[in-house]
Student: 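This structure is in structure tokens; I'll ask about it shortly.
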2 protein chains.
Amino acid sequence: MNEMLEQKNPRSKYRLKRQSLPEALADSLRERILNGEFKEGEPLVQEAIAAEYECSRMPVREAFRQLEAAGLIVSKIHKGAVVTTLPSEQIMELFELRAMLECDILTYALSRMTDHHLNISEQILEQLEDAYHKRDIAKVGALNWEFHRSLYVPADRIQTLALIQGINVQTDRYIRLQLLLTSAFEEAEQDHRQILKLCRSHDPSVIEFMRGHIIRAGHNLLDALHARKVSGTVA
Amino acid sequence: MNEMLEQKNPRSKYRLKRQSLPEALADSLRERILNGEFKEGEPLVQEAIAAEYECSRMPVREAFRQLEAAGLIVSKIHKGAVVTTLPSEQIMELFELRAMLECDILTYALSRMTDHHLNISEQILEQLEDAYHKRDIAKVGALNWEFHRSLYVPADRIQTLALIQGINVQTDRYIRLQLLLTSAFEEAEQDHRQILKLCRSHDPSVIEFMRGHIIRAGHNLLDALHARKVSGTVA
DNA sequence: AGACACCCAACTGGATCCAATCTACATAAG
DNA sequence: CTTATGTAGATTGGATCCAGTTGGGTGTCT
């Protein structure tokens, strides 16, 4: 559920990250799946991964358990692990869940946002725009979530945030895919600026704007996926 | 995220459950944590668990990863795993999340419920009442979730259901604890009958009733926990 | 007596080894 | 020619073994 919360408490500076090999592996593999290096349905072979990272199969196996719990892979006994494939209805369902949960947490956050919070968000947004113009897909995916997250932190709703993060990991895969396929993210960029502006004035209308932002992103994505499917069966 | 969805598709009869040792271990350990056999903050020693189940430490370690992902334990490197402790605000947050998500999915489910679905729910409810009168805490916990789940299945919202299940696993711990401490579950029993009745007539007012049911459960639980704390520091 | 260094027991992390199972290909029978 | 069967290689599941870390206890020095 709420794994991958490294850096959960940046309250204390000077915090070293001491993670075990399985955790580090899970992080790396998750990133690679999100980036599309491992495609939907592709099998993940323990030995191959172990060889790549120059370790034994055991930490790989533990990492697989984490990824499976995060919903990124499914593994069948004695048959190995494959990258999860989601039907489009379930992808849309994920976006609808995000819309509901993120609007809820944003409601809590809105009244508690300080200038400090907002400045951090603005900073992330600038990095996001920069990454987008440089077409650095992986960075855009990561920073997109970072921006959303930064808006929700003031709510101080730890469980909700963990849940949302889990869903975002899954949608990230498709968002990054969409970035490769379309230019619909232009629209999202403008949305982000508008969201930040509304947050600055603590305008409650940002809630519904956020809902539209997420739902539209879902629809755009499904359109792109559908277009790819009919335009040719090429992978 | 959406782990533990065994039996997801009973479409084909004669389906044997073939789970690996780590999965079986995770199921068993989860149940023991939920039942309070392992208390909050209690350390789980790999070797001890392995000895209990007469297996090596390796499957135990993989099971731990699953439980950690489900939020039931936290493990620090070289220091082992302990059962998660949640502050009361986060417990309430979990109930609020349940209220939001379960009301949402119930909205989808309500119009799609057939007599068949409702009869199954009624059957489960009877078993639940039976277990409650026999004071079989573990069974009450499990069947309580089964009843809720049975109401949501018609919605055909797989991701939402998986998310809700994950949260319910966590709240189950405290619900079972509450069953030991108070008799507030009487109230919940009547709620369940009322919910089923409203579902039978496809009355949309069941949505808000469900919200109240869950939120009240959360408040009752927190009261019970608080009462225990002030009445004495006894474990 | 208190503080510091060192050592040892307990435990976790990771590697290697062996067993169980699946897949694919080859072979044989209908 | 198609279908069933058997066998070999590949791959996963689980056990055992070794190394590294942690925390507590003891002994010594101040």
Side-chain angles (χ1 to χ4, degrees), chain A residues 3-6 12 14-30 32-33 38-85, chain B residues 3-4 6 12 14-30 32-33 38-39 41-70 72-84:
Chain A
E3 72 318 1
M4 87 209 91
L5 284 185
E6 324 96 4
S12 72
Y14 309 125
R15 178 170 204 75
L16 329 172
K17 53 174 155 187
R18 287 191 8 126
Q19 53 184 356
S20 63
L21 235 173
E23 290 170 46
L25 270 172
D27 286 347
S28 176
L29 291 173
R30 174 169 41 246
R32 292 173 73 180
I33 292 174
F38 299 117
K39 298 181 185 62
E40 293 195 341
E42 185 172 338
L44 295 183
V45 182
Q46 294 177 7
E47 209 151 4
I49 307 281
E52 275 190 300
Y53 289 93
E54 293 180 318
C55 66
S56 80
R57 276 172 38 222
M58 168 125 23
V60 177
R61 278 158 67 174
E62 291 189 36
F64 278 14
R65 292 270 167 211
Q66 277 190 244
L67 296 177
E68 182 167 23
L72 289 176
I73 67 177
V74 288
S75 61
K76 283 185 186 158
I77 184 167
H78 280 290
K79 287 176 82 176
V82 298
V83 179
T84 314
T85 306
Chain B
E3 74 310 9
M4 86 209 91
E6 325 96 4
S12 73
Y14 309 124
R15 176 169 208 77
L16 336 168
K17 54 172 156 191
R18 287 188 8 124
Q19 53 182 357
S20 64
L21 235 171
E23 291 170 45
L25 270 171
D27 286 346
S28 176
L29 290 173
R30 175 168 42 243
R32 293 172 73 179
I33 293 173
F38 299 117
K39 299 181 184 62
E42 184 171 337
L44 295 183
V45 182
Q46 293 176 8
E47 212 152 358
I49 307 280
E52 274 190 301
Y53 290 92
E54 293 180 317
C55 65
S56 79
R57 277 170 38 224
M58 166 129 20
V60 177
R61 277 157 66 173
E62 290 189 37
F64 277 14
R65 293 269 167 213
Q66 275 190 245
L67 295 176
E68 182 167 23
L72 289 176
I73 67 177
V74 289
S75 60
K76 282 184 186 160
I77 185 167
H78 281 290
K79 286 176 84 176
V82 299
V83 179
T84 314

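Naming: A, B, ... by sequence-line order, numbering from 1 per chain.
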Student: Going by atom type alone, with no hydrogens or angles, which donor-acceptor pairs under 3.5 Å involve a side-chain atom of residues 56-65 of chain B and a protein atom two or more places apart or on another chain?
Tutor:
from	atom 1	to	atom 2	distance (Å)
B/S56	OG	B/M58	N	3.3
B/R57	NE	B/Q46	OE1	3.1
B/R57	NH2	B/Q46	OE1	3.4
B/R61	NE	A/E62	OE2	3.2
B/R61	NH2	A/E62	OE2	3.3
B/E62	OE1	A/R65	NE	2.9
B/E62	OE1	A/R65	NH2	3.3
B/E62	OE2	A/R61	NE	3.2
B/E62	OE2	A/R61	NH2	3.3
B/R65	NE	A/E62	OE1	2.9
B/R65	NH1	A/Q66	OE1	3.3
B/R65	NH2	A/S20	OG	3.4
B/R65	NH2	A/E62	OE1	3.3

Student: Are A/R32 and A/E52 close enough for a salt bridge, meaning some N to O gap below 4.0 Å?
Tutor: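 A salt bridge is present here (some side-chain N lies under 4.0 Å from a carboxylate O).
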
Student: Distance under 4.0 Å to a non-hydrogen atom of chain A counts as contact; along DNA chain C, which nucleotides mark the start and end?
Tutor: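 The contacted stretch runs from C/dG14 to C/dT23.
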
Student: Pull out every protein N or O sitting under 3.5 Å from an N or O of nucleotides 8-14 of chain D, one pair per line with the distance.
Tutor:
from	atom 1	to	atom 2	distance (Å)
D/dT12	OP1	A/Q46	N	3.4
D/dG13	OP2	A/Q46	NE2	3.1
D/dG13	N7	A/R57	NH2	3.0
D/dG14	OP1	B/L21	N	3.0
D/dG14	N7	A/R61	NH1	3.0
D/dG14	N7	A/R61	NH2	2.9

Student: Could you tell me the separation between the CZ atom of B/F38 and the CG atom of B/L67, rounded to the nearest 0.5 Å?
Tutor: 10.0 Å

Student: Evaluate side chain to side chain contact (heavy atoms under 4.5 Å, CB included) for B/V74 paired with B/V82, printing each intermediate quantity in order.
Tutor: CA-CA 6 Å; B/V74 289; B/V82 299; 3.7 Å; yes

Student: Given 3.5 Å as the limit, does a donor-acceptor pair link the side chain of A/T84 with the main chain of A/I73, or not?
Tutor: yes

Student: Could you give me the CA-CA distance, side-chain angles and deciding distance for A/Q19 and B/I77, then say whether side chain to side chain contact (heavy atoms under 4.5 Å, CB included) is met?
Tutor: CA-CA 7 Å; A/Q19 53 184 356; B/I77 185 167; over 6 Å; no

Student: Kindly determine whether A/C55 and A/L25 satisfy side chain to side chain contact (heavy atoms under 4.5 Å, CB included), including the steps that lead there.
Tutor: CA-CA 10 Å; A/C55 66; A/L25 270 172; 4.2 Å; yes

